[in-house]
> 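Sharing a structure with you now.
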Amino acid sequence: MNYKECYEWGKEKLEDAGVKDAKLDARLLLESVCHTTTGDLLAHGDADVSKEQEAAYADRLLRRARHIPLQHITGVQEFMGLEFLVNGKVLIPRQDTEILVEEVMRHLTDQSRILDVCTGSGCILFSLLHYSNGCTGVGVDLSPDALAVAEQNRDRLGVEGVELIQSDLFEAVEGKFDFIISNPPYIASGQIKELMEEVRLHEPVMALDGGEDGLVFYRKILEKGPAYLKRGGGMFLEIGYDQGEAVRELMERAGFCEVEVEQDYAGLDRVIHGFWYG
Ligand code: GLN
């Protein structure tokens, strides 16, 4: 098969398997095997695909047809223009989470000290450190397997001034920070079974499950967080589209000031932040 025929074959296989973005995923998998880019399909559709590449493509496609997430097959996900390694032990970085990073960047000053709670792949913390000057940070996660992925990402991206610690939220954290940021698990336990197969069966439940009402981690982070914030420090959290009011109330009750909810590009509540004056 030539390049375009491979693509057409793959697209059909994924469509038949009910994969949501069949066209996109067929193209991306072909590109990942042939080391090509978007334009190749249009400009070089008649290019030869070697037997080895064809076999590798078929292998990746058939895995995707079994609803294994694309990123678990390619091993990477782009976030804030940087490439992050991912596997089944970390949440795959979401584009929505870039809103959180951008919101923190608006308030960040040089030399800030940042604590990232539930760091997962490290995508939030490492992006912030990559795009700022002289900031340092600590990333914590309960899962040693997630921390192993974060360590690899830190080394690959050449991020400096960061410490990764295994900790149940703040348990092993010391010192005070200018910012505490987190994209905690926030899906209500009962909703997990409604998620698409890719997420439900392949992403770590501990990175998704926010307890009975989805708010368990916000309560804990907002209760314990102030002890780890400098005076005037900021708390920036990602939230679910329907959690703005509930988390605002928790945040105000915990004593945070200037609490604001920000929307994502779909106009849905996505980030909340407030400041601590103690
Ligand atoms: N901080 C990571 C992310 O946003 C992981 C979040 C999590 O595990 N809930 O992708």
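For ligands, and for the atoms within them, numbers begin at 1 and follow the listed sequence. Scope of the values below: all heavy atoms of this structure, side chains included, with no hydrogens, waters or symmetry mates. Being a predicted model, the structure only gives us computed values, none of them experimental. Position 1 is the first residue of the sequence, and the numbers go up from there.
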> Are any of the side-chain nitrogens in Arg113 or Asp178 under 4.0 Å away from the carboxylate oxygens of its partner?
no
> Take atom CG of Asp21 as the centre, draw a 6.0 Å sphere, and report whether it contains more than 12 heavy atoms from other residues, nucleotides or ligands.
yes
> Applying side-chain hydrogen bond (donor to acceptor under 3.5 Å, both in side chains) between Glu198 and each of Gln71, His67, Lys20, report the one that passes.
His67
> Starting from the N and O atoms of ligand 1, collect every protein N/O partner closer than 3.5 Å and put each pair on its own line with the distance to 0.1 Å.
residue, atom, partner, partner atom, Å
ligand 1, 1 (N), Cys118, O, 3.0
ligand 1, 1 (N), Thr119, O, 3.3
ligand 1, 4 (O), Asn183, ND2, 2.8
ligand 1, 9 (N), Asn183, O, 2.9
ligand 1, 9 (N), Ala207, O, 3.0

> Could you list the donor-acceptor pairs under 3.5 angstrom formed between side-chain atoms of residues 271-278 and any protein atom two or more places apart in sequence or on another chain?
residue, atom, partner, partner atom, Å
His273, NE2, Glu262, OE2, 2.9
Tyr277, OH, Glu258, OE2, 3.0

> So, are Glu252 and Arg248 salt-bridged, with charged N and O less than 4.0 Å apart?
yes
> Examine the side chains of Thr97 and Glu238 and answer whether a donor and an acceptor come within less than 3.5 Å of each other.
yes
